[in-house]
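Each chain gets a letter, A, B and so on, in the order its sequence line appears, and its residues count up from 1. Since this is a predicted model, take the numbers as computed values, not measurements.
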Amino acid sequence: MPELPEIQTIVNELERVLPGKRIKSCRVLRDKMVQGDQHRFRQQVKNKNIRKIERRGKYIVITLSSSQMIIVHLRMTGKFIFQPLKSPAQKHDRVVFELQNQQKLIFSDVRCFGTLELVNDINKHNGLSQLGFDPWSRQLTAGILQKKLENRQIPIKTALLDQKLIAGLGNIYASEILFDAGIHPDIPANQLKHEKLASIIRSMRKILRLALKYNGTSISDYRRIDEKQGMFQNFLKVYGKADQKCINCSSSIMKITQNQRSTFLCPGCQK
DNA sequence: AGCGGAACCTGTCGGC
DNA sequence: TGCCGACAGGTTCCGC
């Protein structure tokens with residue numbers, strides 16, 4: 001489900017309520033979602049205070065009073081929900097943290113792709129340690145991007161999904177960013193000139209900032225904490241709009257497939 | 001090293 | 001109504 005704006009929205013909301021709360025206990029209702037030893041996870045999380053919540057790429061990092069961190073990835077359909085401790089379990093509840101104040105924090109996930117993992121050192125986490133630039137990193141420039149892409153012949157849209165390059169973009173925003181930048185998603189990454197890469201970076205920051213302002217995009221599964229919807233779906237210009245008219249040039253929006261994933265573009269605006 | 005395709009799992013929707 | 005395939009905001013693994 002979620003990309004940077006969605007994850008950041010969730011992190012912001014968790015950060016408002018979780019720090020200082022104690023995890024009284026933890027139940028794992030679906031084994032595979034917790035990486036490593038279930039018993040050890042439950043035991044080491046028990047009776048720890050939550051210190052802070054942060055985003056790294058699409059990961060959510062929950063730091064505990066023990067300095068250990070719970071690394072959460074929502075993948076496609078993961079979400080967090082607060083419920084009264086006594087409320088009945090829902091079908092898709094996968095991991096439940098019992099908090100103080102008779103509340104529980106539920107990690108709910110229809111498809112069970114999501115993951116939770118307890119680590120002592122963030123650098124030891126495989127995915128996290130390999131993340132590329134944060135979109136707002138000052139080190140992320142057109143020049144650096146050009147250098148990193150010099151041996152990559154994959155379509156630029158596919159490159160934008162590579163978390164080792166830029167961390168946080170996903171299928172919706174990759175399409176929206178390339179539309180905003182006026183760049184065709186099929187262009188091989190290493191063929192883009194400095195100036196085009198600069199406009200991709202500019203569009204990326206613009207789109208992400210706007211999406212964050214509207215708390216992300218709720219099309220099917222993504223919800224904020226407690227099932228609230230984001231609103232950026234009302235501002236999408238190409239994603240999910242196959243055969244509709246482009247708002248700029250009235251061409252028909254196209255849907256193509258790249259690397260087994262849908263890409264949306266305007267053939268009139270994106271060259 | 002770079003790249004494409006299958007796999008992970010569940011639900012929904014459209015066509016016949 | 002029922003079955004069947006296609007598709008879904010992501011990542012990882014495997015083989016060329």
Task: Residue whose nearest DNA chain C nucleotide is more 5′ - A/H73 or A/F264 - done: A/F264

- [ ] May I have the distance from A/R75 (atom CZ) to B/dT10 (atom P), rounded to whole angstrom?
- [x] 15 Å

Task: A/Q163, nearest nucleotide to its side chain (from B/dC9, B/dG4, C/dT11) - done: C/dT11

Open item on the list: Between the base of C/dA8 and the side chain of A/R261, is one N or O donor paired with an acceptor at under 3.5 angstrom?
Closed with: no

Open item on the list: Under 4.0 Å, counting only non-hydrogen atoms across every strand here, what does A/K164 touch: a base, just sugar-phosphate, or nothing?
Closed with: nothing

Task: Pairing pattern in dot-bracket form [Watson-Crick, G-U; both distances under 3.5 Å; | = partner strand] for DNA chain C - done: .|||||||.|||||||

Task: A/Q260 CD to B/dA6 P, straight-line distance once rounded to whole Å - done: 6 Å

- [ ] Assign A/I219 to base, sugar-phosphate, or nothing according to its heavy-atom contacts below 4.0 angstrom with the strands shown.
- [x] base

TODO: Could you work out the separation of C/dC13 and B/dC9 based on their P atoms and round it to a whole Å?
DONE: 14 Å

- [ ] For nucleotides B/dC3 and C/dA8, find the distance between their P atoms and express it as a whole number of Å.
- [x] 23 Å

- [ ] Choose from C/dT11, B/dG4, C/dC7 the nucleotide whose nearest atom is closest to any side-chain atom of A/K58.
- [x] C/dT11

Task: Nearest-nucleotide comparison on DNA chain B, the residue closer to the 5′ end among A/N259 and A/K91 - done: A/N259

TODO: For the side chain of A/V110, starting at C-beta, report the closest nucleotide among C/dG10, B/dT10, B/dC3.
DONE: B/dT10

Open item on the list: If I take atom CD in residue A/Q153 and atom P in nucleotide B/dA1, what distance separates them, rounded to the nearest angstrom?
Closed with: 17 Å

Task: Electrostatic pair A/E13:A/R224 at N-O distance under 4.0 angstrom - done: yes

Task: Stacked pair A/F113-C/dT11, distance under 5.5 Å, angle under 30° - done: no

Task: For atom OH of A/Y239 and atom C1' of C/dC7, their distance in whole Å - done: 10 Å

Task: Salt bridge A/D180-A/K206, side-chain N to carboxylate O under 4.0 Å - done: yes

Open item on the list: Quick test of your reading of the model: are A/K79 and A/E227 salt-bridged, counting only N-O distances below 4.0 Å?
Closed with: yes

- [ ] Answer yes when A/D134 and A/R55 have at least one side-chain N-carboxylate O distance shorter than 4.0 Å, and no when they do not.
- [x] yes

TODO: Assess whether atom NZ of A/K48 is packed by more than 12 heavy atoms of other residues, nucleotides or ligands within 6.0 Å.
DONE: yes

TODO: Using atom CZ of A/R152 as one end and atom C1' of B/dA1 as the other, report the distance to the nearest whole Å.
DONE: 9 Å

Task: Note: A/R56-A/E54 ion pair, threshold 4.0 Å (strictly below) - done: yes

Task: Same-atom distance (C1') from C/dT1 to B/dT10, integer angstrom - done: 22 Å

Task: Atom-pair distance (CZ on A/R111; C1' on C/dG10), nearest Å - done: 9 Å

Open item on the list: Just to be sure I understand the rule, does A/Y59 reach a base, reach only the sugar-phosphate, or reach nothing, if contact means heavy atoms closer than 4.0 Å?
Closed with: sugar-phosphate

Open item on the list: By the 4.0 Å heavy-atom rule, please label A/T158 as base, sugar-phosphate, or nothing.
Closed with: nothing

- [ ] Among A/I207, A/L4, A/L160, A/D162, find the one that has a side chain to side chain contact (heavy atoms under 4.5 Å, CB included) with A/L169.
- [x] A/L160

Open item on the list: What is the separation between atom CZ on A/R56 and atom P on C/dG10, rounded to the nearest whole Å?
Closed with: 20 Å

TODO: Compute the ring centroids of A/H73 and A/F113, then answer whether they are less than 6.0 Å apart.
DONE: no

